[in-house]
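Working notes for the structure below.
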There are 2 protein chains.
Amino acid sequence: MTVTLSDVAARARVSPATVSRVLNGNYPVAAATRERVLRAVDELDYVLNGPASSLAAATSDLVGILVNDIADPFFGIMAGAAQTEIGGQEGAVAPESGRQGSAATGTAGGTAGTASATGGTAGSMAGTVGAASPVGAGRAAGRAGSEKLAVVCNTGGSPERELTYLTLLQRQRAAAVVLTGGALEDPGHIEAMTTKLAKLADAGTRVVLCGRPPLPGSDAAVAALAFDNRGGARRLTEHLLALGHRRIGYVAGPAERTTTRHRLEGHREALAAAGVPEARDAQGRPLTVHGPYTRDAGYTATLELLSRAPELTAVVAANDTVALGACAAVRERGLRIPADVSVAGFDDLPFSVDAVPALTTVRLPLHEAGARAGRLAMGTEAPPPGGVATIGAELKARESTAAPRHA
Amino acid sequence: MTVTLSDVAARARVSPATVSRVLNGNYPVAAATRERVLRAVDELDYVLNGPASSLAAATSDLVGILVNDIADPFFGIMAGAAQTEIGGQEGAVAPESGRQGSAATGTAGGTAGTASATGGTAGSMAGTVGAASPVGAGRAAGRAGSEKLAVVCNTGGSPERELTYLTLLQRQRAAAVVLTGGALEDPGHIEAMTTKLAKLADAGTRVVLCGRPPLPGSDAAVAALAFDNRGGARRLTEHLLALGHRRIGYVAGPAERTTTRHRLEGHREALAAAGVPEARDAQGRPLTVHGPYTRDAGYTATLELLSRAPELTAVVAANDTVALGACAAVRERGLRIPADVSVAGFDDLPFSVDAVPALTTVRLPLHEAGARAGRLAMGTEAPPPGGVATIGAELKARESTAAPRHA
DNA sequence: AGAGCCGTAGCAAGCGCTTTCTACGGGGTA
DNA sequence: TACCCCGTAGAAAGCGCTTGCTACGGCTCT
């Protein structure tokens, strides 16, 4: 039923070894032989058995990209960029159009790309990609199999799933693993992760952190691309302070995430530097509310903040999505943005510039970071000195923030 | 270096076969023996070799979810829902909070979930998940390995990548494949896809289409969950017509996508039914512009539309993202929404309700569809009669559409 | 008391591929 | 002309796991 390597070998009148070598392109095979093999592959419509080859070679071409929430463009953009960098973009898409996140959707243009598929059984792509091209002449020395299968795994923010996926990837002997976004700060989980990642690295899996701070024990081997969340947050709050705000509410993310903590710390740094005390309500409770990174959390928290302290002149949100909810809450209270209350976000997701008023936020080069992580995972790019690189965060002051009325 | 099954067997003083059976839990093993094995697994920190086991068992637990653009929540929501349904959510997260797409991000709450990990080498999860729990008493008959690794693959809308991923998944002997979103209508590509999917199905891979129309040759075996794009689009345009609009511009998606065509057809159906001719500019060219599903495309196209036909009173966009761009363009022209120009989207992505003014759109139950696709992929749910189910699309009339001024 | 039987465990044969080592020609070199 | 070496192909030994079949006690059944 299933066509195997030896079937191809038989048909091409060569040994299985030769077929394998043609497919992997890492051993000299005479041109004539190769053509014969390739033709047989095509005719039999042969597809390599991945597990078998991974087993024999003790490596696989799987690269896992872990994200906390696949429905959130924050992760989607990084994952997409990384995946593009990893999965060999045959189409050779143009670099980038301009807006971050404008992945290659659509691909409107024409029918061009599919042309080759018209006839029969379009491209078997058996072993090496491109191997199935018309058996014609001028094909260069069949590229080595740098073809990787980049897949993204959605942890949903659950530490168990994070670990489970890592184990599953370890089982598959993944070539690399990219962890995106903030990490959970629970000591137990950190230890478990450190152990697991060390084990993966030991086994030869390249581990890359993208938008996540390096591990405590800095196991080297694990390259980290960290966002300057603290610095960005500081500049954002400085901006607000410069506008004259003194009573600023803060809708933070989940309490145990590094991202949440760093942004909050940056915020507080700015306040401290300016000698402005953290805003508190009548009961003396700080005007900081934690919640998940969702629009609804922003909405709810802002409503609460506004009730507890009607005199608030600005609300800083954990990220743009949360900010959207905050805006909705502010409006529902009959207040105008930014006339009555300024609102700021973080990340500068694509929709932020289109919000009304356009959202003041902190831009994180998600696409760039993801691409770089992808290259690190491929081993295409040298890891940063010390294994850690910090990626800048740039303040984007737009219309959702302005001087408070009674400034 | 690497711990193998026989190492565990040796340590537990049983045969490798027994260890395998303990791990797979599909063959009776005496409780005492099982405990011994489990302990050995734990002590040696054994991790199953995926490729080896897939090879021997001729199956794998990989499930691929193909999406056109991972940075687009439209896909993210479906993929997330499907993945949750597939990847066994141990955490038993609550059903759904209310807004679609609010995946389990954050996971704020407490530290609870991680508790078990504190000690040493938290959960090895070697074979069966849960197998590594404290070797104590009351563990039920170690569940069969229904554990699947759901991964999402980003095609970026490229037909070649779509085919490549399918081949890669075929190589891995994937247990199932879920294809989300509109399909390309190029004849060559359709044929290639049909062939490829048939081959996958033949090989025992479950194939599910989610938000995509069934294949032409309706190969059965392939379950399809199609959105009623046509009906939704028709109702949307009917809504506009009812408000009194007669000159409606249309910013369509890429020309060769099923989604694009169906929505456009629904739009035209409504016009035809109302006896309203399709809007045209002074030169008689129809006011329909094609472009990718991006914000920028919507922006550019709308600018063009407005230039060619300043008398336009409404713009219908291919989807919400495009609509956002359209709104920006309308505003840039100094026009108000909906006073001067009404704008409508499609999909009802989470941000649409927060747009200002709130976007009139057509709601697609993305989460529900994704979850159902996930269940179909798992074989947990019976395929719809005929292999095809159409999922309704509901008009969401909000503030971005209103009667035209000179109605 | 003898014959099955059931519950468990082990044996061993692969699964389909990669890769080391060996083999074989032919051409260049001495 | 004889020797080597290079280029190319094949033989065969696994990679680590699954699973059909066999083996072997101890029980129940007659």
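Every value quoted in this text rests on a predicted model; they were computed, and no experiment measured them. Below, read A as the first sequence line, B as the second, and so on, with proteins coming before strands; counting in each chain starts at 1. Heavy atoms only: backbone and side chains are in, while hydrogens, waters and symmetry mates are out.
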Contact summary for B/Ser20 and B/Leu5, nearest pair of heavy atoms: CB-CD1, 3.9 Å
Side chain of A/Ala30 (C-beta onward), nearest among D/dT19, D/dA9, D/dG16: D/dA9
Reported CG-to-CD1 distance for the pair A/Leu62 and A/Ile86, which is rounded to 0.5 angstrom: 10.5 Å
Pair B/Thr167-B/Thr164, side-chain donor/acceptor within less than 3.5 Å: no
Integer-rounded Å distance: D/dG16 C1' and B/Asp7 CG: 10 Å
Touch class at under 4.0 angstrom, heavy-atom based, for B/Ser54 against every strand present: nothing
A/Arg36/A/Glu43 salt bridge by N-O under 4.0 Å criterion: no
Whole-Å distance separating the CG atom of A/Asn24 from the C1' atom of C/dT20: 15 Å
Between N or O atoms, less than 3.5 Å apart, protein on one side and nucleotides 12-15 of chain C on the other: list the pairs.
residue: C/dC15; atom: O2; partner: B/Ala56; partner atom: N; Å: 3.4

Length of the CG-P vector between A/Asp61 and C/dT18, whole Å: 11 Å
Cationic N near anionic O, under 4.0 Å, A/Arg212 to A/Glu162: yes
From D/dT18, D/dA9, C/dT18, nucleotide with atom closest to B/Leu5 side chain: D/dT18
Heavy-atom side-chain proximity of B/Ile65 to B/Cys153 below 4.5 angstrom: no
A/Ser6 and its side chain to side chain contact (heavy atoms under 4.5 Å, CB included) partner, picked from A/Val8, A/Val3, A/Thr4: A/Thr4
Sugar-phosphate only, base, or nothing, as touched by A/Thr33 at under 4.0 Å among non-hydrogen atoms: sugar-phosphate
All salt bridge (charged side-chain N to carboxylate O under 4.0 Å, His left out) counterparts of B/Arg173, not counting sequence neighbours: none
From SG (B/Cys210) to CZ (B/Arg372), nearest 0.5 Å: 10.0 Å
Separation of D/dT8 P from A/Arg36 CZ (nearest whole Å): 14 Å
Tabulate protein N/O versus nucleotide N/O from nucleotides 21-28 of chain D, keeping only pairs under 3.5 Å, one per line.
none

For atom CZ of B/Arg13 and atom C1' of C/dG10, their distance in whole Å: 15 Å
Side-chain N,O (B/Ser53) to OP1/OP2 (D/dC17) below 4.0 Å: no
Touch class at under 4.0 angstrom, heavy-atom based, for A/Val19 against every strand present: nothing
